[in-house]
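Count residues from 1 along the sequence. All values below were derived from every heavy atom in this structure, side-chain atoms included, with hydrogens, water molecules and symmetry-related copies excluded.
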Amino acid sequence: MDILLYQPQIPQNTGNIVRTCSVTSTSLTLVKPLGFSVSSKHLKRAGLDYWNEVNIKYIDDLLDYLKTTQRPFYFFSSKVTAPYTSINFTQDDILVFGSETFGLPHEIFNLWPEKCYTIPMVSDARCLNLSNSVAIVLYEALRQQNFQF
């Protein structure tokens, strides 16, 4: 399984996600540009000590990457209505999350509307924190696979 973060902006969130990936043997893909340096002291506090334990790769173009992959992928956004619990996850899935400040590119919703899911929340609430959202979805995917790491 792979977590993909589209242009993450907050180092503490990415650090926490690295830690979650480490304890679940999940790879992480980061789409540039990032809103921080990966050597940032904030990132180190939030999970850089786990950095070497996670398979991390960097890509420049999300759309090109997804158009060429053979793996299943899903997007998570507060702007759609299908619940993430309706997905039948597999070990090959790519779970795509948007930037904390501007979300996913608008083209995503037009190109792959059937692959867009949400974590249900009360109406008019602010979005969940990115690292919490990743953990919620990832652990549901792992639960469906009987936590086979």
Side-chain angles (χ1 to χ4, degrees), residues 1-40 42-43 46-48 50-121 127-149:
M1 194 161 299
D2 188 20
I3 299 297
L4 189 151
L5 303 180
Y6 177 74
Q7 300 180 352
Q9 302 296 303
I10 301 173
Q12 294 88 339
N13 285 337
T14 302
N16 287 334
I17 292 165
V18 167
R19 179 177 278 185
T20 300
C21 289
S22 174
V23 302
T24 59
S25 191
T26 303
S27 60
L28 177 64
T29 301
L30 301 174
V31 181
K32 298 182 214 174
L34 308 181
F36 51 87
S37 165
V38 294
S39 61
S40 163
H42 299 291
L43 191 62
L48 188 59
Y50 292 87
W51 206 260
N52 294 331
E53 298 173 19
V54 176
N55 176 17
I56 300 174
K57 65 182 169 185
Y58 301 88
I59 62 173
D60 294 311
D61 191 301
L62 175 62
L63 296 179
D64 285 348
Y65 178 77
L66 294 175
K67 287 178 181 177
T68 59
T69 188
Q70 299 299 310
R71 295 171 60 192
F73 53 87
Y74 303 101
F75 304 98
F76 300 93
S77 171
S78 62
K79 296 174 175 49
V80 297
T81 58
Y84 74 100
T85 52
S86 63
I87 302 169
N88 291 318
F89 293 101
T90 71
Q91 290 181 341
D92 293 328
D93 292 345
I94 302 170
L95 311 178
V96 183
F97 296 84
S99 164
E100 299 96 331
T101 54
F102 50 86
L104 292 164
H106 295 291
E107 301 95 321
I108 295 296
F109 302 104
N110 295 325
L111 289 169
W112 298 290
E114 75 286 356
K115 294 178 177 276
C116 296
Y117 296 88
T118 194
I119 300 169
M121 297 177 279
C127 295
L128 286 165
N129 173 279
L130 178 61
S131 62
N132 291 338
S133 296
V134 168
I136 289 167
V137 174
L138 177 58
Y139 269 87
E140 171 59 17
L142 293 170
R143 183 196 66 79
Q144 289 183 18
Q145 298 168 63
N146 296 313
F147 298 101
Q148 295 181 7
F149 300 108

In short, Asp61 meets Leu63 closest at the heavy-atom pair OD1-N, 3.1 Å
Between Thr90 and Asp92: side-chain donor-acceptor atoms closer than 3.5 Å: no
Assign the ring pair Tyr139 / Phe147 to parallel, tilted or perpendicular, where the plane angle (0 to 90°) is split at 30° and 60°. tilted
Do Ile108 and Pro105 touch side chain to side chain, with heavy atoms closer than 4.5 Å? yes
Taking Asn129 for its side chain and Ser131 for its backbone only, find out whether a donor-acceptor pair lies under 3.5 Å. yes
NZ-SG distance between Lys79 and Cys116, expressed to the nearest 0.5 angstrom: 11.5 Å
Any sub-3.5 Å donor-acceptor pair from Thr118's side-chain atoms to Ser77's backbone N or O? yes
Specify whether Phe97 and Phe76 have parallel, tilted or perpendicular ring planes, treating 30° as the upper limit for parallel and 60° as the lower limit for perpendicular. parallel
Does some side-chain heavy atom of Val31 sit less than 4.5 Å from a side-chain heavy atom of Leu4? yes
Take Val18 and Ile56 through the test side-chain contact (heavy atoms from CB on, under 4.5 Å) and record every step on the way to the result. CA-CA 9 Å; Val18 167; Ile56 300 174; 4.3 Å; yes
Look up atom OH in Tyr6 and atom NZ in Lys32, then write down how far apart they are to the nearest 0.5 Å. 14.0 Å
Is there a side-chain contact between Thr24 and Phe149, using heavy atoms and a 4.5 Å cut-off? yes
List the atom of Phe109, the atom of Pro113, and the distance in Å for their closest heavy-atom pair. O-CB, 3.4 Å
Contact summary for Phe36 and Pro8, nearest pair of heavy atoms: CE2-O, 3.5 Å
Tell me the closest heavy-atom pair linking Tyr117 and Pro83, and the distance in Å. CD2-O, 3.4 Å
Using modelled atom types only, decide if a donor and an acceptor are shared between the side chain of Thr69 and the backbone of Tyr65 within a distance under 3.5 Å. no
Yes or no on side-chain contact (heavy atoms from CB on, under 4.5 Å) for Leu66 and Leu111, after CA distance, side-chain angles and deciding distance? CA-CA 11 Å; Leu66 294 175; Leu111 289 169; over 6 Å; no
What distance do Leu62 atom CG and Leu104 atom CG have between them, rounded to the nearest 0.5 Å? 7.5 Å
Is there a side-chain contact between Leu5 and Val134 in this structure, where contact means two heavy atoms from C-beta onward sitting under 4.5 Å apart? yes
How far does CD of Glu100 sit from OG1 of Thr14, to the nearest 0.5 angstrom? 6.0 Å
With side-chain contact (heavy atoms from CB on, under 4.5 Å) as the test, would you mind laying out the steps for Val137 and Tyr74 before giving the verdict? CA-CA 11 Å; Val137 174; Tyr74 303 101; over 6 Å; no
Do Gln7 and Ser99 have a side chain donor and acceptor closer than 3.5 Å? no
Side-chain touch Leu128/Ile119, heavy atoms, less than 4.5 angstrom: yes
From Thr29 atom OG1 to Asp2 atom CG, the distance as rounded to the nearest 0.5 Å: 3.5 Å
Gln144 and Phe89 have their tightest heavy-atom pair at OE1-N, 2.9 Å
Trp51 vs Ser22 side-chain heavy atoms within contact, under 4.5 Å: no
Enter the distance from Ser133:OG to Leu138:CG here, rounded to the nearest 0.5 Å. 12.0 Å
Can you check whether Ala141's main-chain N or O pairs, donor with acceptor, with Gln145's side chain at less than 3.5 Å? yes
Over all atoms of both residues, closest heavy-atom pair of Phe75 and Trp112: CZ-CE3, 3.5 Å
